[in-house]
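Note sheet for the following structure.
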Amino acid sequence: MNKSDVVQLILGDRYLKQPQQNQATAYAPTNIALVKYWGKRQQDINLPVTSSLSISLGDKGANTTLSVNNKNQDSITLNNQAIDLFSNFSQRLSQYLNLFRKPNSTYFDINITTNIPIAAGLASSACGFAALAKVLNELYTWQLTSTELSILARLGSGSACRSLWDGFVEWQAGEKSDGMDSFGVPLDIEWPDFCVGLLIMQTQEKNISSREAMQRTIQTSSLYSLWPEKVNYDLSVLKQALQEKDFALLGKTAESNAMTMHALMLSAWPPISYALPQTVEAMQKIWQLRNTGLEVYFTQDAGPNLKLLFLKKESEAIKNYFPEIEIVQPF
Ligand code: DP6
């Protein structure tokens, strides 16, 4: 099963038809996993080893406009800057669009605006591919459901399948080899006091992509066999914490899950560490603050930045201790 097979399964007789509109725009929020996706059971169509659970970041995300152009190549702008078509970023994007168009038939001007740093472990590919799936749905008037769009977004980047919804979303790993049961499912839970603080230490592109790091971890870490069990446990505890609005339990579970994912990476060969000295300093500061009674936890993805988790009542204290933080209220 490859990506085109999945697209054909979903689109049926709409597959490779011409766009019905000349231009469309769509927005998708980025999402931060509280229980991480780390490892694939199938590479090409991004089928995960385990389920995962995230929180979407509301108005932090990507807004994408696609316009059909009359040239013989795509053109891409990111935050109003033209992007080299031979860059990895452009290649990945055009290859994704190729799944939906006949060869040499349709080219697009792709205009992306995002308010999060690209490729700095802030899940930019997540909102990027979710916004693309949505905008294609508009342009081609496919009228797909959010679940179908979640599967299409997953083909671009696994974590993107969780960015079709606001709030808490579970990506159910599924079992099928065609991945038709592997998509995001929104959880019916509102938590207006829930805050995520973005502590940005570096906005540069990372040395090793999450895709490569994930693969190396599976192939070389002797600890990886413990991961599926850890995720299953964390998922059930996290869902209980969400039901009961038990913030301490949520924070502990999310932080422990992230630390375990990074421990797997440290045990890979060659070892992978996304932490900068400032990352470790911030972690230690958070642990210290917690000892003094401040309820703050963190999670970390494939980059040096930390995402702090806390409730609204702690916002002022958090701003005092981390003046550079950007606070997002997902609800
Ligand atoms: C650490 O979704 O970027 O953010 O499927 O290869 O595109 P690909 O990987 P990607 O990996 C995200 C990893 C993570 C954890 C998470 O978001 O669950």
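All ligand and atom numbering here is 1-based and tracks the order in the structure.
- Proximity to N46 (heavy-atom distance under 4.0 Å) selects the following atoms of ligand 1: 5 (O).
- Residue contacts with ligand 1 include S125, since one of its heavy atoms falls under 4.0 Å from the ligand.
- Below 4.0 Å from some heavy atom of A33 lie the following atoms of ligand 1, by number and element: 16 (C), 17 (O), 18 (O).
- No hydrogens or angles considered: nothing links the side chains of S56 and R162 as a donor-acceptor pair under 3.5 Å.
- The N/O atoms of Y37, backbone and side chain alike, include one that comes under 3.5 Å of an N/O atom in ligand 1.
- Taking 4.0 Å as the cut-off, M214 counts as a neighbour of ligand 1 on heavy-atom distance.
- Residue-ligand proximity, D301 to ligand 1, at heavy-atom distances under 4.0 Å covers atoms 1 (C), 4 (O), 14 (C), 15 (C).
- The shortest heavy-atom distance from R92 to ligand 1 is under 4.0 Å.
- A side-chain donor-acceptor contact under 3.5 Å links Q215 and Q43.
- Around atom 7 (O) of ligand 1, the closest heavy atom drawn from S209, S163, A213, S157 belongs to S157.
- Proximity to G158 (heavy-atom distance under 4.0 Å) selects the following atoms of ligand 1: 2 (O), 5 (O), 7 (O), 8 (P).
- T114 and K60 form no side-chain donor-acceptor contact under 3.5 Å, judged by distance and modelled atom types alone.
- Ring geometry for Y140 versus W142: interplanar angle under 30°, hence parallel rather than tilted (30 to 60°).
- Put simply, CD on E212 and OG1 on T217 are 10.5 Å apart, with the number rounded to the nearest 0.5 Å.
- At least one N or O atom of S210, backbone or side chain, sits closer than 3.5 Å to an N or O atom of ligand 1.
- Side-chain contact annotation: K40 with N46, donor-acceptor N/O pair under 3.5 Å present.
- Counting heavy atoms under 4.0 Å from ligand 1, residue R162 touches it through the side chain alone.
- Of all the atoms in ligand 1, the ones that sit under 4.0 Å from a non-hydrogen atom of S159 are 2 (O), 3 (O), 10 (P), 12 (C), 17 (O).
- Near K40, with a cut-off below 4.0 Å to any heavy atom, the atoms of ligand 1 are 5 (O), 6 (O), 8 (P).
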Item to check | Verdict with reasoning, K252 to D234, per salt bridge (Lys or Arg N to Asp or Glu O under 4.0 Å) | outcome: CA-CA 10 Å; K252 176 183 162 200; D234 286 347; over 6 Å; no

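- Side-chain contact, T77 with N111: a donor N or O sits under 3.5 Å from an acceptor N or O.
- W171 does not count as a contact of ligand 1, since none of its heavy atoms falls under 4.0 Å from the ligand.
- For the 3.5 Å distance criterion, the side chains of D109 and S67 fail to qualify, holding no donor opposite an acceptor.
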